[in-house]
Q: 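For reference, the structure I am asking about is given below.
We name chains A, B, ... by the order of the sequence lines, and we start the count at 1 in each one.
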Amino acid sequence: KQEVTQIPAALSVPEGENLVLNCSFTDSAIYNLQWFRQDPGKGLTSLLLIQSSQREQTSGRLNASLDKSSGRSTLYIAASQPGDSATYLCAVDGSNTGKLIFGQGTTLQVKP
Amino acid sequence: GAVVSQHPSRVICKSGTSVKIECRSLDFQATTMFWYRQFPKQSLMLMATSNEGSKATYEQGVEKDKFLINHASLTLSTLTVTSAHPEDSSFYICSAIGREWSNEKLFFGSGTQLSVL
């Protein structure tokens, strides 16, 4: 059974810092891994999707990497801003059906 | 990009009442919709998968008679929490995919916070 774990559960950094969020999964047989942002009481915003054949994806200040063999992904946020404060979720699709298995998230606080 | 609309965003109800949550795909035909539940400080857990015109498939541990799912059209799926109790208080959120979807980004509704008193 696939399990997705995110470390740390919470992170607080001063504005301007670069930071890394970690995601690990137990079953390497995945089709893709997706990083989402969730603001309190709100829905999910898709940030980056990495297909199983890819090693990384970049969007603006965000860079996500995938090491499928070791069951790990990282989300790198450069030059963090207070507006980046949110919960970041990673999720894997192991069946290419759209069913996602989520990690518990990392709640990020960026202090001005 | 694909847009998924979910209503209502927040519901407060008395114990024993039923609550209906709607999930609509606005610019594509959603052949499959997924319903997730998120308890405070926990991850999103898949409850069920609904395919247009057929019965929903429920994940283990999810009561199908408690959580009624209807996916009668290609743009609308509804989740009805029947006889809601305080332990059903949670954040419910849907996602949807179309017929041509494969290994792509998924789009989610904005979620519904249900509070049962």
Q: Check whether A:Ile50 gets within reach of chain B through its side chain, its backbone, both or neither, counting any heavy atom under 4.5 Å.
A: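 Nothing of A:Ile50, per the 4.5 Å heavy-atom cut-off to chain B.
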
Q: Hey, mind stepping through B:Phe91 and A:Gln38 against side chain to side chain contact (heavy atoms under 4.5 Å, CB included) and telling me if it holds?
A: CA-CA 12 Å; B:Phe91 184 71; A:Gln38 184 179 30; 3.5 Å; yes

Q: Identify whether B:Ile69 and B:Met33 are in the same connected component of the hydrophobic contact network (ILVMFWY, side-chain heavy atoms under 4.5 Å).
A: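 Different hydrophobic clusters.
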
Q: Report which part of B:Glu104 has an atom under 4.5 Å of a heavy atom belonging to chain A: side chain, backbone, both, or neither.
A: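 Contact with chain A involves the backbone of B:Glu104 alone.
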
Q: Following the transitive rule for hydrophobic clusters with a side-chain heavy-atom cut-off under 4.5 Å over Ile, Leu, Val, Met, Phe, Trp and Tyr, establish whether A:Tyr76 and A:Leu21 coincide in one cluster.
A: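 Hydrophobic grouping puts A:Tyr76 apart from A:Leu21.
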
Q: Applying the 4.5 Å side-chain criterion to the ILVMFWY set and letting contacts propagate, would A:Leu48 and B:Phe107 be lumped into a single cluster?
A: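 Unlinked, A:Leu48 and B:Phe107 end up in two clusters.
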
Q: Are A:Ile30 and A:Leu47 linked, directly or through intermediate hydrophobic residues, by side-chain heavy-atom contacts shorter than 4.5 Å (ILVMFWY only)?
A: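 Yes, A:Leu47 connects to A:Ile30 through the hydrophobic network.
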
Q: Taking atom CD of B:Glu87 as the centre, report whether more than 12 heavy atoms of other residues, nucleotides or ligands fall under 6.0 Å from it.
A: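 Check passes, neighbour count above 12.
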
Q: Of all the residues in residues 85-112 of chain A, which have a heavy atom that comes within less than 4.5 Å of a heavy atom in chain B?
A: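 Listed by number: A:Leu89, A:Asp93, A:Asn96, A:Thr97, A:Gly98, A:Lys99, A:Leu100, A:Phe102, A:Gly103, A:Gln104.
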
Q: Side-chain contact test, heavy atoms from C-beta onward, threshold under 4.5 Å: evaluate it for B:Lys105 versus A:Phe36 and give yes or no.
A: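 When only atoms from C-beta onward are counted, A:Phe36 and B:Lys105 do not touch, as no gap falls below 4.5 Å.
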
Q: Are B:Ile21 and B:Val4 linked, directly or through intermediate hydrophobic residues, by side-chain heavy-atom contacts shorter than 4.5 Å (ILVMFWY only)?
A: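 No.
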
Q: Quick check: are there more than 12 heavy atoms from other residues, nucleotides or ligands sitting under 6.0 Å from CZ of A:Arg55?
A: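 No, CZ of A:Arg55 has 12 or fewer neighbouring heavy atoms, counting only those of other groups under 6.0 Å.
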
Q: If the contact rule is any heavy atom under 4.5 Å from chain A, which residues of residues 46-62 of chain B qualify, in numerical order?
A: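 B:Leu46, B:Thr49, B:Glu59, listed by number.
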
Q: With a 4.5 Å limit on heavy-atom distance, are the side chains of A:Leu49 and B:Leu106 in contact?
A: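 Not touching, per the 4.5 Å side-chain cut-off.
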
